[in-house]
Amino acid sequence: MVTALMTDVRRRNVQTKRSIIAIAYPTFQDRKWGEGHLANRLYRTGAERRARELGYKLEDFPPELYGGSYKRLSQILYQRGIQAVLVPSIDVKSPPEDISYELDWDRFAAAGVGFSINNPRNLDRAVVAHFQSVKMALGRIRELGYTRIGFGLCKRISLRTEGRWLAAYLFDQVNSGGDAPMPPFEFEEGGRNKSRLRDWLRSNQPEVILGDGIFLDLLKEVGVDIPGKIAFALLDWFPGDFRRADYAGVDQRFESVGAAAIDLIAGRVNHNERGLNEEQHVLKVSGRWVDGASLPRKA
C-alpha cells in the first residue's frame with residue numbers, strides 16, 4: 001500500500017522533481033545509448049516511457065567523463081543521491097570479448113537490458129524470450145502449410161543471443177517428427193558465403209526459411225526469389241523498418257523489454273534492495289508474431 005501511494009505521489013509531482021535512474025555505459029562506448037542500432041533505440045524508448053510513468057528520469061553517465069573509472073562514477077552517483085542504475089544493452093557492432101562493469105554495486109538498485117552484458121553475470125535483467133519466439137514462429141509457419149523449414153543465422157547475432165534462437169530450432173528439428181532434420185546455415189560476416197549458401201539450398205530444398213536480417217540480405221545477393229521460390233520469415237522483425245515492412249516475422253517487442261528493466265529497478269528501489277543477488281533474476285518478454293507477404297499460406 002505504501003509503495004502504491006509513493007508511486008502515485010511521484011506521478012503527481014513528475015513535473016517538479018523526478019528520481020534519477022543513471023544509465024551506466026561500458027567504458028568503450030562513447031555515444032549515447034539508443035543512437036545506434038534500431039533495437040537499442042526501441043529499448044531506450046520503452047525504458048524512458050516507463051520511467052516517466054513511474055516518476056523517474058533516465059540520465060546518461062558515460063564513464064569516459066570520469067576518466068573511465070567506475071569507482072569515480074560510483075562516487076558521483078552516490079554523492080548526488082542517485083540510488084538506481086540501468087546497465088544498457090551493448091550499442092556497438094563488435095564489442096570487446098570481455099566486458100566488465102566495476103560499479104560499487106552495494107550502493108545501487110540495478111538491472112540490465114539484454115544478454116550482451118557478461119560481467120557481472122548475476123545482474124538482474126530484462127531480455128527477449130528468444131527460445132519461445134522461435135517456437136512461436138515455427139508453429140505459425142506450420143499452420144500456413146510448410147514442412148521443409150530451413151534456418152539461417154549470422155554467428156555474431158547467434159552469440160548475442162547466447163545461442164537461444166539456434167537451440168530452439170535444433171530442438172524443434174529433433175522433436176517435430178516430420179521430415180528428416182535440416183541442418184541450419186550459420187555463417188560469418190564477410191566470408192565466402194555465397195557458394196556455401198547455394199550448396200545448402202540445393203542440398204536441402206527448403207520451402208521456407210526462418211532467419212535474421214543479415215541472412216535475408218545474403219539470400220538476396222544470391223538471387224533467391226522471395227516468396228516466389230522460397231518463403232521467408234524474419235527472426236528480427238522491427239517496427240519502423242520500412243525496408244522490410246511487408247515481411248512476416250517476430251516482433252521482439254524491444255520497447256517492452258526496456259520497460260521491463262525499469263520495472264525491475266523500481267521494484268528493487270521500493271523494497272530497499274541494493275547490490276547484486278546471489279542468483280541472477282531474468283525477466284523474459286515474449287515476442288509477437290507479424291504476418292506478411294513474404295510468408296503466404298501454402299497452396
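No hydrogens, no waters, no symmetry mates; every other heavy atom, side chains included, goes into these values.
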Original post:
Would you say the side-chain atoms of S294 pair up with the backbone N or O of P227, donor to acceptor, closer than 3.5 Å?
Top reply: no
**OP:** For the pair I20 and L77, evaluate side chain to side chain contact (heavy atoms under 4.5 Å, CB included) and give the outcome as yes or no after the intermediate values.
**Re:** CA-CA 10 Å; I20 292 174; L77 297 178; over 6 Å; no
Subject >> Residues, nucleotides or ligands: over 12 heavy atoms within 6.0 Å of K71 NZ >> reply: no
Original post:
What distance do Q173 atom CD and F151 atom CZ have between them, rounded to the nearest 0.5 Å?
Top reply: 10.0 Å
**OP:** Establish, yes or no, whether the cationic atom of R196 lies under 6.0 Å from the six-membered ring centre of F187 and within 45° of the ring axis.
**Re:** no
Subject >> Criterion salt bridge (Lys or Arg N to Asp or Glu O under 4.0 Å) on R202 and D199, from CA distance to verdict >> reply: CA-CA 5 Å; R202 190 179 307 111; D199 291 341; 2.9 Å; yes
Original post:
Can you check salt bridge (Lys or Arg N to Asp or Glu O under 4.0 Å) on D251 and R253, steps first, answer last?
Top reply: CA-CA 5 Å; D251 175 4; R253 299 176 64 212; over 6 Å; no
Original post:
How many angstroms lie between atom CZ of R160 and atom CD1 of I90, to the nearest 0.5 angstrom?
Top reply: 7.0 Å
**OP:** Please report the shortest heavy-atom distance between P206 and L201, naming the atom on each side.
**Re:** CD-O, 3.8 Å
**OP:** Please check if atom NZ in K229 has more than 12 non-hydrogen atoms from other residues, nucleotides or ligands closer than 6.0 Å.
**Re:** no
**OP:** Considering non-hydrogen atoms only, spot the tightest contact between A245 and W237 and give its length.
**Re:** O-NE1, 4.3 Å
Subject >> Sequence neighbours excluded - ring-ring contact (aromatic ring centres under 6.0 Å, His included) pairs with any residue from residues 273-299 >> reply: none
Original post:
Which residue pairs satisfy the ring-ring contact (aromatic ring centres under 6.0 Å, His included) criterion with at least one member in residues 68-91, sequence neighbours excluded?
Top reply: Y70-Y101
Original post:
Which residues pass the side chain to side chain donor-acceptor pair (under 3.5 Å) test with W165, sequence neighbours left out?
Top reply: none
Subject >> Any donor-acceptor N/O pair, E186 side chain to K155 backbone, under 3.5 Å >> reply: no
